[in-house]
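Take a look at the structure below.
In what follows, every chain begins at residue 1, and chains take the letters A, B, ... in the order their sequences are listed.
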Amino acid sequence: MSNDVAEPIASQETESLVKRLAGPSTGKAGLAIDQTEINRIIAKASKGSKFYENEKKKDKDLSERIEKILKQRDDAVRDVDLRSIEQAADRFIAELESQRDLSQIIVHVDMDAFFANVELLYNPDLKGKPFGVGRGVLSTASYEARKYGVRSGMPGYIAKKLCPELIFVSSHFSRYMEKSNAVMAILRGYDPNFYAAGCDEAYLNITAYCESHNLTAAECVQEMRKTVFEGTQLTASAGIAPTKMLAKICSDKNKPNGQFELPFEKDAILSFLSDLSIRKVPGVGRVNERLLESIGIKTCGDIFTHRATIYLMEKQFGRQYLFRTYLGITSNVVQPISRDERKSIGAERTFSALSDKEKILQKLNEVAEELEKDMKQNGWTGRTVTLKFKLDTFQVFTRAKTFDRWITKKEELYATGKELLTPEFH
DNA sequence: AAAACTTAT
DNA sequence: ATCAATAAGTTTT
């Protein structure tokens with residue numbers, strides 16, 4: 001360690017930018033020992049890069065957007081009787097409260113450091129060591145690595161700065177899929193209608209299972225996690241609550257290899273939420289976090305304090321969503337995604353900047369071929385072709401074209417992509 | 001409908 | 001020096 005620890009953050013580097021550079025998963029996951037110090041190292045490591053400059057611009061744009069919203073709020077709040085707005089909000093909230101349903105037992109199961117723990121089974125020497133899965137950008141990090149602030153989605157070279165002993169392990173997707181299938185097969189036994197949210201997490205409604213097996217929710221989930229472990233050698237954490245949102249938040253409470261049950265009572269739910277960071281709420285990412293923070297909302301409990309502002313600015317903040325979040329009255333419907341609900345399929349590649357048009361078109365052909373292969377494999381098709389392209393400045397653009405016929409062949413995909421891309425060459 | 005923006009794994 | 005791939009939903013134009 002050198003004496004740079006005390007080096008102050010450059011003045012133009014706002015707090016929000018430093019936080020932004022630390023990546024989207026920071027703050028969602030539990031905080032490491034000294035997140036401020038970690039953020040500083042990350043900001044320093046990425047400083048001056050094109051990525052950094054792009055993030056800086058996005059941060060500035062967001063700050064301006066927030067300023068505008070605050071002006072709108074000032075206009076909206078002027079000349080109104082806040083007391084009566086609050087009463088209107090209270091009536092709105094009371095109406096939502098009357099819809100509370102505590103009858104369903106929802107579970108969110110979340111595999112612990114999934115990719116990392118699968119790799120551990122194939123390479124036990126990694127046990128106890130900090131390692132990350134993936135090259136370039138990490139898919140996940142072992143718990144030892146997380147202590148240093150290493151996170152999924154983090155570029156390897158920054159992870160290495162945070163944890164110089166970090167070991168890089170290549171990813172093996174077929175291994176993860178095999179384990180994922182094994183886990184999901186076990187979960188299906190507890191709820192045939194369960195919803196797999198990605199390869200390492202799932203939502204279940206275990207109300208019927210508990211009833212027919214004469215088990216409490218906690219006993220059922222304990223047994224479920226034990227069965228998963230015996231069948232796969234992998235640990236899972238779980239949350240038990242009356243809604244999907246609450247179950248998901250609870251699954252984080254005793255991670256790894258633990259479970260947490262929220263009492264199925266209104267007051268317990270409200271107090272659980274009251275000091276919970278708004279960032280933990282599914283759907284609140286780093287942008288909405290800043291938006292809400294700007295009007296004083298940092299926790300779910302703050303939603304009530306600022307209910308008048310939210311009520312007045314329905315469009316900007318979405319009062320139904322926020323009031324439901326405050327109450328913990330959100331969806332408790334668990335159902336599988338049926339195949340025909342699929343909305344899009346895509347393929348993308350990142351490569352070092354090319355100025356040669358022919359070479360770029362060659363890349364386009366590659367993704368067209370891969371996309372055709374993926375579509376064929378599963379019998380999918382579509383009528384809108386969207387071309388997405390990213391410059392070396394990290395700016396992202398999309399161009400789309402909708403047809404009145406189904407597009408399936410790589411030749412059509414390539415031709416459409418080329419047509420959409422050509423006007424962009426200059 | 002197209003493009004941008006946000007979130008999530 | 002170096003920051004992904006994929007999908008879905010929302011908002012704006």
Side-chain angles (χ1 to χ4, degrees), chain A residues 20-29 42-43 45-55 57-58 61-62 65 69 108 110-111 113-115 132-141 150-161 168 171 173 176 180 195-203 244-245 248 279-292 315-318 321 337 341-353 367 370-371 374-375 378 380 382-390 392-404 416 420 423-424:
Chain A
R20 166 182 279 271
L21 288 166
S25 59
T26 327
K28 207 78 183 179
I42 295 172
S46 46
K47 187 143 199 169
S49 67
K50 286 177 174 169
F51 179 84
Y52 176 95
E53 292 304 321
N54 190 245
E55 292 298 296
K57 178 174 185 303
K58 286 201 282 187
D61 290 350
L62 178 55
R65 191 178 144 198
I69 289 177
H108 179 253
D110 197 353
M111 300 303 294
F114 185 54
F115 291 4
V133 179
R135 314 259 166 194
V137 169
L138 300 181
S139 300
T140 189
V150 178
R151 292 280 179 279
S152 59
M154 182 177 274
Y157 82 97
I158 288 184
K160 194 87 183 171
K161 291 230 153 113
F168 291 90
S171 37
F173 288 98
Y176 314 146
S180 173
Y195 166 53
C199 67
D200 68 340
E201 57 180 291
Y203 291 90
K244 286 184 285 187
M245 179 195 109
K248 164 136 197 172
R279 185 67 169 80
K280 298 273 187 191
V281 174
V284 177
R286 38 186 182 172
V287 171
N288 281 319
E289 179 189 29
R290 276 199 62 192
L291 245 43
L292 291 167
K315 187 142 177 292
Q316 289 86 343
F317 296 108
Y321 168 71
I337 287 200
E341 272 183 64
R342 185 82 178 242
K343 299 290 193 297
S344 69
I345 180 169
E348 56 187 79
R349 289 273 172 289
T350 295
F351 44 86
S352 52
V367 293
E370 181 177 324
L371 190 51
D374 288 355
M375 290 171 75
N378 300 288
W380 284 314
R383 287 174 44 242
T384 299
V385 178
T386 301
L387 174 82
K388 174 179 163 189
F389 61 99
K390 180 160 80 176
D392 63 353
T393 56
F394 288 92
Q395 290 178 95
V396 175
F397 303 88
T398 58
R399 299 287 180 266
K401 183 175 175 179
T402 300
F403 294 83
D404 48 19
T416 310
L420 292 168
E424 308 296 332

message = How many whole angstroms separate atom NZ of A/K401 from atom C1' of B/dA1?
response = 13 Å
ask   = At their closest point, which heavy atom of A/R279 faces which heavy atom of A/P24, and how far apart are they?
value = NH2-O, 2.5 Å
ask   = So A/R20 and A/L62, side-chain contact (heavy atoms from CB on, under 4.5 Å) or not? Walk me through it.
value = CA-CA 11 Å; A/R20 166 182 279 271; A/L62 178 55; 4.1 Å; yes
ask   = Atom CG of A/N54 to atom C1' of B/dA4: distance rounded to whole Å?
value = 14 Å
inquiry  = OP1 or OP2 of B/dC5 versus the side-chain N and O atoms of A/R65: is any pair under 4.0 Å?
reply    = no
task = Examine B/dT7: is either OP1 or OP2 under 4.0 Å from a nitrogen or oxygen in the side chain of A/N288? Give yes or no.
result = yes
task = Write down the distance separating the C1' atoms in B/dT7 and C/dA4, rounded off to the nearest Å.
result = 16 Å
inquiry  = Would you say that more than 12 heavy atoms from the other residues, nucleotides or ligands in this model lie under 6.0 Å from the NZ of A/K160, or not?
reply    = yes
request  = Determine, stepwise, if the pair A/V385 / A/F403 fulfils side-chain contact (heavy atoms from CB on, under 4.5 Å).
outcome  = CA-CA 8 Å; A/V385 178; A/F403 294 83; 4.0 Å; yes
message = Classify A/K50 by what it touches in the nucleic acid, base, sugar-phosphate, or nothing, heavy-atom distance under 4.0 Å.
response = nothing
message = Expressed as a whole number of angstroms, how long is the span from A/D200:CG to B/dA8:C1'?
response = 11 Å
inquiry  = Just the rounded figure in Å: distance from C1' of B/dC5 to CZ of A/R290.
reply    = 15 Å
ask   = Salt-bridged, A/D61 to A/K57, with N to O below 4.0 Å?
value = yes
key: A/K58 or A/T402, whichever maps to the more 5' nucleotide of DNA chain B   = A/T402
task = Measure from CZ on A/F173 to C1' on B/dT9 and round the result to the nearest Å.
result = 11 Å
key: Rounded distance (Å) that lies between atom P of B/dA8 and atom CZ of A/R286   = 11 Å
key: Verdict with supporting geometry, A/C199 and A/F173, side-chain contact (heavy atoms from CB on, under 4.5 Å)   = CA-CA 10 Å; A/C199 67; A/F173 288 98; over 6 Å; no
Rounded distance in Å - CD (A/E424) to C1' (B/dA2) = 13 Å
key: Separation of atom CE in A/M245 from atom C1' in B/dT7, rounded to whole Å   = 16 Å
request  = Could you tell me whether A/E55 contacts a base, only the sugar-phosphate backbone, or nothing, with contacts defined as non-hydrogen atoms closer than 4.0 Å?
outcome  = nothing
query = Could you write nucleotides 3-13 of chain C as a row of B, S and -, 5' to 3', where a protein heavy atom under 4.0 Å of any base atom gives B, of only sugar-phosphate atoms gives S, and otherwise -?
reply = BBBBSSS--S-
ask   = Closest to the A/F397 side chain: B/dA8, B/dA1, B/dA4?
value = B/dA4
ask   = Parallel, tilted or perpendicular for A/H108 and A/Y203, by the 30°/60° rule?
value = tilted
